[in-house]
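Each chain gets a letter, A, B and so on, in the order the sequences are listed, and its residues count up from 1. The shown structure was predicted, so the numbers you read here are calculated from the model rather than taken from an experiment.
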Protein chains: 2
Amino acid sequence: MKTMHKEHPLTKNQQIIFDLIDKSPEPMKAYSILFNVQKKGIKAPLQVYRALDKLVEIGKIHKIESRNAFIACHNSSCQVANATAFSICEVCEKVTEISSVGLSKYLANFKDKDGMKYSKYNLEFFGLCKKCR
Amino acid sequence: MKTMHKEHPLTKNQQIIFDLIDKSPEPMKAYSILFNVQKKGIKAPLQVYRALDKLVEIGKIHKIESRNAFIACHNSSCQVANATAFSICEVCEKVTEISSVGLSKYLANFKDKDGMKYSKYNLEFFGLCKKCR
DNA sequence: TTACATGGTGTTATATTATAACAATTTAAA
DNA sequence: TTTAAATTGTTATAATATAACACCATGTAA
Ligand SMILES: [Zn+2]
Ligand SMILES: [Zn+2]
Ligand SMILES: [Zn+2]
Ligand SMILES: [Zn+2]
């Protein structure tokens, strides 16, 4: 059996920024995050980007690539930091993380023409959410 | 029966920029495109971005969101401008457009928890290409 | 023809997103 | 305790993208 990963606690900056993103009902952009944490002593873009990089790396948040924005993981602290799927409403910009066993199995097992398999992927679906339909 | 869409020819700027991207063996970034077309009279970022926007819209090129780069469509002038899939090598950055009937059918028919279907999506697989393995 | 709408162009300026480089400090192993 | 690794703070700058406005070309309707 594989050794369990130790749960590294977040550092101060990482915790501040994670809390903010986690509370947000929508994906947050880096400079909006910066604006919101300046009262807590985080003053420079780099401090934000460094925390974001780390949080993405450990799977606590994900980056919505098409929007340059960050959202907290809602798959119980994602086992699949590197295998993400989202739905994005093109009208109200609501973003939802998709957790479908079927989908993740299909994609994890997908082989391209060369027989190549990919454990890491990012999928973004676009459409209209319930409200906007 | 609906009127057939006329194939609007590309404008001068669009053609110049499409030709450049189409000839490139790798995805091109906007400012690299700009640099390469300045001798042809395209001098400002906006001229590039406007052409890129249009080319993306009509499906002649796709944007690789995780790389902020643009690649010509290789699915015979993509019927699926809005349903794209790519594999990306994390070492050499080689990008390949995936054209798999199985994959596109699966994704086009995928329903989320709310029964929502999405005709539009972008999927980026990450791994190592043949050479880099 | 003339008016008008649409889409493309050229231009300057500016906004937004992200990283380089360096010094200091904290943390966790060895 | 010594050392290595990670994190922080800071200033400056790079890279990506859009706003605003004037002008021009083309197609369509009055
Ligand atoms: Zn997740
Ligand atoms: Zn919506
Ligand atoms: Zn294509
Ligand atoms: Zn490679």
Q: Where along residues 18-41 of chain A does a heavy atom fall under 4.0 Å from DNA chain D?
A: none
Q: Is a donor-acceptor pair below 3.5 Å formed from side chain B/Arg50 to base C/dG7, judging by atom type as modelled?
A: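 No, no donor-acceptor pair under 3.5 Å.
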Q: Rounded to whole angstrom units, what separation is found between the CG atom of B/Leu46 and the C1' atom of C/dG8?
A: 12 Å
Q: Within the structure provided, determine whether B/Ser104 and B/Tyr121 are in side-chain contact (heavy-atom separation under 4.5 Å).
A: yes
Q: Measure from OH on A/Tyr49 to P on C/dA21 and round the result to the nearest Å.
A: 18 Å
Q: CG of B/Asn13 versus P of C/dG8: gap in Å, rounded?
A: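 For the pair B/Asn13 CG and C/dG8 P, the rounded distance is 11 Å.
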Q: Between B/Glu97 and B/His74, is there a donor-acceptor pair closer than 3.5 Å when you use the side chain of the first and the backbone of the second?
A: yes
Q: Between C/dT17 atom C1' and A/Lys63 atom NZ, what is the distance in whole Å?
A: 8 Å
Q: Which residue, B/Ile42 or B/Pro45, contacts DNA chain C at a nucleotide closer to its 5' end, judged by nearest heavy atom?
A: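 Taking each residue's closest nucleotide, the earlier one in sequence belongs to B/Ile42.
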Q: So, using salt bridge (Lys or Arg N to Asp or Glu O under 4.0 Å) as the criterion, who are the partners of A/Lys54 when residues are at least two apart?
A: A/Glu57
Q: Answer whether the closest heavy-atom distance between the side chains of B/Val37 and B/Gln47 falls below 4.5 Å.
A: no
Q: I need the A/Ile58 CD1 to A/Cys73 SG distance, nearest 0.5 Å.
A: 11.0 Å
Q: Separation of B/Asn68 atom CG from C/dT16 atom P, in whole Å?
A: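 Atom CG in B/Asn68 sits about 17 Å away from atom P in C/dT16.
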Q: For C/dT9, does OP1 or OP2 lie under 4.0 Å from any side-chain N or O of B/Thr11?
A: yes
Q: Is there side-chain contact between A/Lys63 and A/Ile61, with at least one heavy-atom pair below 4.5 Å?
A: no
Q: Please give me the minimum heavy-atom distance between A/Ser100 and B/Phe110, naming the atom from each residue.
A: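 Residues A/Ser100 and B/Phe110, closest heavy atoms: OG-CE1, 3.6 Å.
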Q: Mind checking A/Gln14 for me? I need base, sugar-phosphate or nothing, with any heavy atom below 4.0 Å counting as a touch.
A: sugar-phosphate
Q: Just how large is the angle between the end axes of the helix from C/dT1-D/dA30 to C/dA30-D/dT1, five pairs per end, to 10 degrees?
A: 40°
Q: Using the heavy-atom set of chain B and a strict 4.0 Å cut-off, write down the first and last nucleotide of DNA chain D that makes it in, 5' to 3'.
A: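 Counting from the 5' end, contacts occupy D/dT16 to D/dA20.
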Q: Does the side chain of A/Tyr118 pick up a donor-acceptor pair with the side chain of A/Asp112 at under 3.5 Å?
A: yes
Q: I need the CZ-P distance between A/Arg67 and C/dT17, as an integer number of Å.
A: 13 Å
Q: Can you give the donor-acceptor pairs under 3.5 Å from side chains of residues 16-35 of chain A to other protein atoms, not counting sequence neighbours?
A:
| residue | atom | partner | partner atom | Å |
| --- | --- | --- | --- | --- |
| A/Asp19 | OD1 | A/Gln15 | NE2 | 3.0 |
| A/Ser24 | OG | A/Glu26 | N | 3.1 |
| A/Ser24 | OG | A/Glu26 | O | 2.5 |
| A/Lys29 | NZ | A/Arg67 | O | 3.4 |

Q: Taking all atoms of both residues into account, what is the closest heavy-atom pair of B/Ala85 and B/Leu103, and its distance?
A: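 Minimum heavy-atom contact is CB-CD2, 3.9 Å.
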Q: Below 3.5 Å, can you tabulate the donor-acceptor pairs from side chains in residues 124-133 of chain A to any protein atom, sequence neighbours excluded?
A:
| residue | atom | partner | partner atom | Å |
| --- | --- | --- | --- | --- |
| A/Glu124 | OE1 | A/Ser66 | N | 3.3 |
| A/Glu124 | OE1 | A/Ser66 | OG | 2.6 |
| A/Glu124 | OE2 | A/Glu65 | N | 2.9 |
| A/Glu124 | OE2 | A/Asn122 | ND2 | 3.1 |

